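Taking it in order: structure first as structure tokens, then the write-up.
Note that the numbering runs from 1 along the sequence shown for the chain. This one's a predicted model, so the numbers in the text were calculated from it and none came from an experiment.
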Amino acid sequence: MEYNEAMKIVNLELGQIAQIIKSGKINDFVGGLESSYFEFREKPYFPDNEHDAVSREKSRLELLKDFSSISYSGGGYIVLGLVPDQDKS
């Protein structure tokens, strides 16, 4: 899938997400919306600074929130390294 400005925003199904991950074609995530079973993050949950207890606790709570949401929806994916397009969500 090539990205262009005319692309529509899509709600990816679980099978589509699995196929994109297996194929390694991460550009196919372009236009995909986060959902109860699909979460993406630009950076890992835990900050590099191990001495910043407040940041570590915030990251830990965010991780638990995301895992809980996906778990309650019946399963899904959290993909690290993707930047959400704030204008489209």
Side-chain angles (χ1 to χ4, degrees):
M1 174 184 326
E2 300 258 339
Y3 176 77
N4 62 51
E5 291 300 320
M7 280 187 76
K8 294 183 180 178
I9 299 170
V10 294
N11 190 8
L12 297 169
E13 299 295 328
L14 277 172
Q16 292 173 303
I17 296 166
Q19 186 59 39
I20 292 169
I21 292 170
K22 286 179 186 177
S23 72
K25 296 178 181 178
I26 61 168
N27 286 338
D28 287 354
F29 283 123
V30 172
L33 292 174
E34 291 184 303
S35 65
S36 61
Y37 53 83
F38 178 51
E39 177 78 24
F40 49 89
R41 297 179 52 85
E42 179 178 7
K43 298 179 182 179
Y45 284 90
F46 298 102
D48 293 333
N49 183 354
E50 293 181 13
H51 303 292
D52 185 353
V54 173
S55 291
R56 273 197 328 267
E57 183 64 13
K58 285 181 181 179
S59 292
R60 186 181 74 80
L61 292 173
E62 182 69 21
L63 172 71
L64 293 172
K65 180 189 80 150
D66 290 346
F67 277 9
S68 294
S69 173
I70 286 177
S71 174
Y72 284 122
S73 74
Y77 297 91
I78 297 175
V79 179
L80 300 178
L82 298 177
V83 180
D85 185 344
Q86 300 299 330
D87 294 334
K88 294 182 180 181
S89 26

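- Put simply, the side chain of S73 gets close to the backbone of S36: a donor and an acceptor are under 3.5 Å apart.
- Interatomic distance, CD1 of I70 versus NZ of K65, reported as 10.5 Å (0.5 Å rounding).
- The two residues S35 and N11 make their nearest non-hydrogen contact at CB-OD1, 4.0 Å.
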Show the numbers, then the answer: is there a side chain to side chain contact (heavy atoms under 4.5 Å, CB included) between L12 and I20? CA-CA 10 Å; L12 297 169; I20 292 169; 4.3 Å; yes
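- Between A18 and Y77, the shortest heavy-atom distance links the atoms CB-OH, 3.2 Å.
- Using modelled atom types, no side-chain atom of S71 and backbone atom of F67 make a donor-acceptor pair closer than 3.5 Å.
- The two residues E39 and Y45 make their nearest non-hydrogen contact at CG-OH, 4.5 Å.
- Below 30°, between 30° and 60°, or above 60°: for F29 and F38 the angle between ring planes is below 30°, a parallel geometry.
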Check against side chain to side chain contact (heavy atoms under 4.5 Å, CB included), R41 and D66:
CA-CA 10 Å; R41 297 179 52 85; D66 290 346; 4.1 Å; yes
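- When the shell of 6.0 Å around CG of L61 is examined, it contains more than 12 heavy atoms from other residues, nucleotides or ligands.
- At a threshold of 4.5 Å between side-chain heavy atoms, the hydrophobic network of Ile, Leu, Val, Met, Phe, Trp and Tyr places L80 and L64 in two separate groups.
- Counting only distance, with no hydrogens or angles, the side chain of S59 and the backbone of S55 share a donor-acceptor pair below 3.5 Å.
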